[in-house]
Amino acid sequence: MAGFARNLALGLLLLASAPLSARPAPVEVSEASISDLQAAMAAGRVTSAQLVQAYLDRIAAYDRRGPALNSVLTLNPAALADAARLDKERAKTGARGPLHGIPVLIKDNFAVAGLPVSDGTLALATYIAPVDAFQVRRLREAGAVILGKTTMHELAMSVTTVSSLSGETRNPYDPRRSPGGSSGGTGASIGASFAAAGMGSDTCGSIRIPAAYQSLFGLRGTAGLSSRAGVIPLSSTQDEAGPLARSVTDLAIMLDATVGADPDDPVTAAMAGRAPPAYLQGLRPGGLKGARIGVIRALMTPELMDAAMRDRTTAALDRMKAEGAEIVDVELPGLDPVLKAASVIAHEFKPDFAAFLSRHPGAPISGAEDIAGKGLVHEAIDARLKQRVSAGPRDEEAYAEALSKRAEARRMLLEVMEKARVDALAYPVSLQPPPMWGAEMMGIGTCQMSAVTGLPALAIPLGLSANALPVGMDLLGRPFDEQKLLNIAYGWEQAAKPRTAPFSTPPLANRKAPPPVPFRTRTAQHGPAADIAFRFDPLTARLSYDARLTGLTNDTPVALTLQRTDEGKPGPIIATLLKPGETKARADLQLDTRARADLAAGRLYVRLYTHAHPLGLDGAPLPQL
C-alpha cells in the first residue's frame with residue numbers, strides 16, 4: 001500500500017513537473033464537445049495524448065492555482081500512457097466509437113482499479129480499488145481515458161461538497177460559492193473543462209444540483225437503468241449513478257456507454273428484456289415542438305424561490321412555449337408530506353456501507369462505526385454521521401412505511417402526468433443560488449420527486465440569472481422515458497444555447513492562465529479629479545486599486561464611488577473607493593458575480609463627490625474587460 005502511494009505521488013509529480021519541451025504541443029479543449037474532440041482525432045489534427053495533456057494543463061492552472069477550485073482529488077498517473085496506447089490502436093484498427101481516446105473524470109465513490117476510492121473520507125484515503133466499477137469498466141471498453149477522480153461531499157451525505165480529505169470545493173462561476181454536491185467535484189471540473197465529461201452519483205439531487213450550479217446537463221436515470229456495482233453506497237434503494245456533461249449530445253454518448261443490465265446489481269434486471277438504448281442515435285432536432293410540459297408553479301413562488309432565478313426560469317418557459325412546446329400548469333396536492341416520509345437514506349446507510357466494505361476487502365475500516373466520533377470526518381457531517389450510527393438496528397416497521405410512501409409518491413406523480421397528458425414535469429432543480437461558503441444551504445429542495453420514486457429526471461441549464469449565476473430545471477419523466485427527456489432538452493439546447501462558460505477558467509495561452517490586467521482611469525482633466533490605477537485578476541474577480549485625488553484646491557472630498565450603469569443611465573453605487581475626507585487609498589475589492597459581469601460588459605464607472613459637487617462630477621467609465 002505504501003509503495004503504491006509513493007508511486008502515485010511520483011506519477012503526479014512527473015505530470016506536473018515535466019518540462020514544456022517534453023510535452024505534446026498545446027491544443028485548445030475549453031468547452032470542446034466529445035464530438036469535436038473525436039472529429040479532431042479522426043482527422044489527425046490532435047491525439048488522445050495531446051488531449052490528456054491539455055486537460056492536465058488546465059487542472060494545473062485552475063484547480064490548485066487561480067480560482068483554486070479544488071475539484072480534482074486524484075490524477076491517474078497512467079492517463080498519458082493509456083492515451084498513447086489508444087492512439088496506436090486507432091492508427092491500427094480505427095476508433096472503437098465516439099469515446100475512443102476521450103478523457104473523462106470519475107467521482108471518488110466509484111471504484112477505479114489501481115486508484116484510491118475514498119468516498120470523500122479521510123478514513124478511506126489509502127483504500128485502493130482492485131477492480132473497476134461497472135460503469136467505469138464500460139467507459140474503458142468504449143475507449144475513454146480515465147483522467148482521475150473528483151472531490152465529493154464526504155460519504156455523499158449532503159449537497160455542498162466538503163470533506164475531511166479534500167476540504168471545500170469551489171464553483172467556477174463564483175469561487176466564493178459551493179458547486180453543489182455531493183458530485184460537486186465532477187460538476188465543477190466539467191463546468192471548468194477539466195475533462196470532456198464526468199461521472200457522478202445521485203441519492204437526492206447529487207448529480208442534478210451540481211449540474212444546475214455549473215450550467216451542465218445531468219441525468220438521474222430510471223431506477224434500474226444503470227448499475228451501481230462498485231460505487232460506495234449511501235442508500236441502495238435511492239442511489240443512482242450517471243454522467244454530467246456540457247451538452248445533450250455528450251450526455252447521450254456517455255449514457256450509451258454506461259447503461260445496461262448487470263448481474264452484480266439486481267435492480268438492473270429491469271433492463272434485461274429491453275433493447276439496448278441508443279440515445280445518441282435517437283436524438284432529434286426540434287424536440288420542443290409539440291412537447292407537452294407540466295410546470296409545478298407552486299415551487300416557483302416569490303416566498304420560496306430566489307427572484308433572479310425565478311425570472312430566468314419564467315423566461316425559459318416562455319421561450320420553450322415560443323419554440324412550440326405546450327406549457328401547462330399542474331398541481332400536486334398532498335404530495336409534499338408523502339415525499340418527506342419516503343426517504344430511506346437514514347434506514348439504509350449504515351448497513352449498506354458495511355455490506356459494501358465486506359464485499360470489497362482491504363479497507364482500513366469495516367463500517368461507519370469505525371469512524372463516527374473518532375476525529376476522522378469533517379465537521380459538516382460529524383453530527384449526522386453520529387446520529388445515523390447511534391440509531392441502533394434498523395426499525396423495520398418505519399423502513400417498510402418509508403418504502404410504502406415511495407410507492408405512493410410514484411403513483412401520485414404518474415397519475416398527475418397521465419391526467420394532464422404531459423410528456424414531462426418541469427420544476428426548478430434548486431430554489432436558491434449556490435450558497436456562499438460558510439453559509440447554510442437555503443430553500444426547500446426538489447430532489448425527492450425523482451429520488452424517492454425511481455422516475456428519471458434530467459437537469460438542464462436555463463442560462464445565467466441577472467446575478468450571473470447558472471439556473472437549472474429538472475424534467476421528470478415516466479419510467480425509461482430518458483430518450484424523450486433528452487429530445488426535449490436537445491430542442492431547448494439547440495434553440496436557446498443556454499450554456500455560458502465560467503469566467504474563472506478561460507482558455508489557456510501557451511499553457512498559462514491569463515495574467516491580471518492593469519488599467520487606469522481619470523475622472524476629469526481639470527479641476528477636482530480622481531486618478532485611479534486598477535489591476536483586475538480575471539480568475540478570481542479581485543479588483544485592486546490605487547486612487548489619488550488632484551485639483552481639489554479649497555474643495556473637500558466626500559466620496560469616490562464605483563457604480564454600475566442602469567440601461568445607459570447612472571446606476572447604483574456598488575463600492576466606495578474613497579471615504580469622506582480621504583484623498584488617497586489603496587485596497588482590494590472582491591467583485592460579486594454581477595459586478596464582474598458588469599465589468600466584462602463595460603457597465604461600471606467611477607464618480608467623484610465633493611462638498612462643492614455634492615451630487616457628483618461626471619463619471620469615468622471603466623474599460624470593457
Side-chain angles (χ1 to χ4, degrees), residues 14-16 18-63 72 75-105 139-148 189-198 216-217 243-257 280-281 283 285 490 493-494 497 499-502 505-514:
L14 290 173
L15 287 175
L20 294 182
S21 59
R23 303 185 197 176
V27 295
E28 183 53 65
V29 293
S30 177
E31 294 295 302
S33 70
I34 292 174
S35 300
D36 290 340
L37 298 176
Q38 196 58 243
M41 286 189 287
R45 297 192 301 271
V46 69
T47 66
S48 176
Q50 287 175 302
L51 296 182
V52 167
Q53 187 60 62
Y55 286 121
L56 291 174
D57 289 340
R58 288 185 60 78
I59 292 168
Y62 298 132
D63 206 49
V72 179
L75 289 172
N76 177 10
L80 282 168
D82 290 345
R85 176 177 49 78
L86 287 161
D87 285 331
K88 291 180 180 178
E89 181 182 316
R90 179 190 295 273
K92 185 176 181 180
T93 61
R96 301 182 191 183
L99 279 173
H100 190 109
I102 299 294
V104 300
L105 284 164
L139 285 168
R140 288 197 202 267
E141 290 168 352
V145 178
I146 308 303
L147 191 60
S189 62
I190 303 310
S193 292
F194 291 167
L216 303 172
F217 294 87
L244 296 87
R246 292 184 293 271
S247 72
V248 176
T249 300
D250 288 355
L251 192 73
I253 290 170
M254 293 288 284
L255 285 169
D256 281 341
L280 178 62
Q281 184 179 346
L283 289 181
Y490 190 56
E493 180 186 32
Q494 298 304 303
K497 296 178 173 52
R499 177 166 169 79
T500 299
T505 54
L508 300 179
N510 194 28
R511 294 194 174 97
K512 293 182 179 180

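- Here the CG-CD distance, from Leu51 to Glu28, works out to 11.5 Å after rounding to the nearest 0.5 Å.
- Put simply, the side chain of Asp87 gets close to the backbone of Ala49: a donor and an acceptor are under 3.5 Å apart.
- Of all heavy-atom pairs between Ala197 and Ile34, the closest is CB-CD1, 4.3 Å.
- For Arg96, the side chain to side chain contact (heavy atoms under 4.5 Å, CB included) partners at least two apart in sequence or on another chain are Arg85, Leu86, Glu89, His100.
- Note that the CG atom of Leu244 and the CG atom of Leu105 stand 11.0 Å from one another [nearest 0.5 Å].
- The shortest non-hydrogen separation linking Ser35 to Asp250 is N-OD1, 4.1 Å.
- Atom CE of residue Met254 and atom CG of residue Leu99 lie 6.0 Å apart, to the nearest 0.5 angstrom.
- Of the inter-residue distances, the one linking Phe194 atom CZ with Asp57 atom CG reads 11.5 Å to the nearest 0.5 angstrom.
- Contact record, Val145 with Ala79: CG1-O, 3.7 Å, taken as the closest heavy-atom pair.
- Contact record, Phe217 with Leu251: O-CD1, 3.7 Å, taken as the closest heavy-atom pair.
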- Message: Could you go through Val27 and Thr47, starting from their C-alpha distance and side-chain angles, then the distance that decides it, and tell me whether this counts as side chain to side chain contact (heavy atoms under 4.5 Å, CB included)?
- Response: CA-CA 10 Å; Val27 295; Thr47 66; over 6 Å; no
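- Just one of Thr249, Asp256, Leu255 meets the side chain to side chain contact (heavy atoms under 4.5 Å, CB included) condition when paired with Ile253; it is Thr249.
- With hydrogens and angles ignored, the 3.5 Å screen pairs a side-chain donor or acceptor of Asp63 with a backbone N or O of Val72.
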- Message: Using side chain to side chain contact (heavy atoms under 4.5 Å, CB included), reason through Asp82 and Ile146 one step at a time and then give a plain yes or no.
- Response: CA-CA 8 Å; Asp82 290 345; Ile146 308 303; 5.8 Å; no
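- In this structure, Arg246 contributes its side chain and Ser33 its backbone to no donor-acceptor pair below 3.5 Å.
- For Gln38, the side chain to side chain donor-acceptor pair (under 3.5 Å) test picks out Arg90, with sequence neighbours left out.
- A distance of 9.5 Å separates CG of Leu37 from OG of Ser48, quoted to the nearest 0.5 Å.
- A donor-acceptor pair under 3.5 Å is formed between the side chain of Ser193 and the backbone N or O of Glu31.
- The two residues Tyr62 and Pro514 have their closest heavy-atom pair at OH-CD, 3.4 Å.
- The nearest pair of heavy atoms linking Tyr55 to Val29 is CE2-CG2, 3.5 Å.
- Between atom OG of residue Ser247 and atom NZ of residue Lys497 there is a gap of 12.0 Å, rounded to the nearest 0.5 Å.
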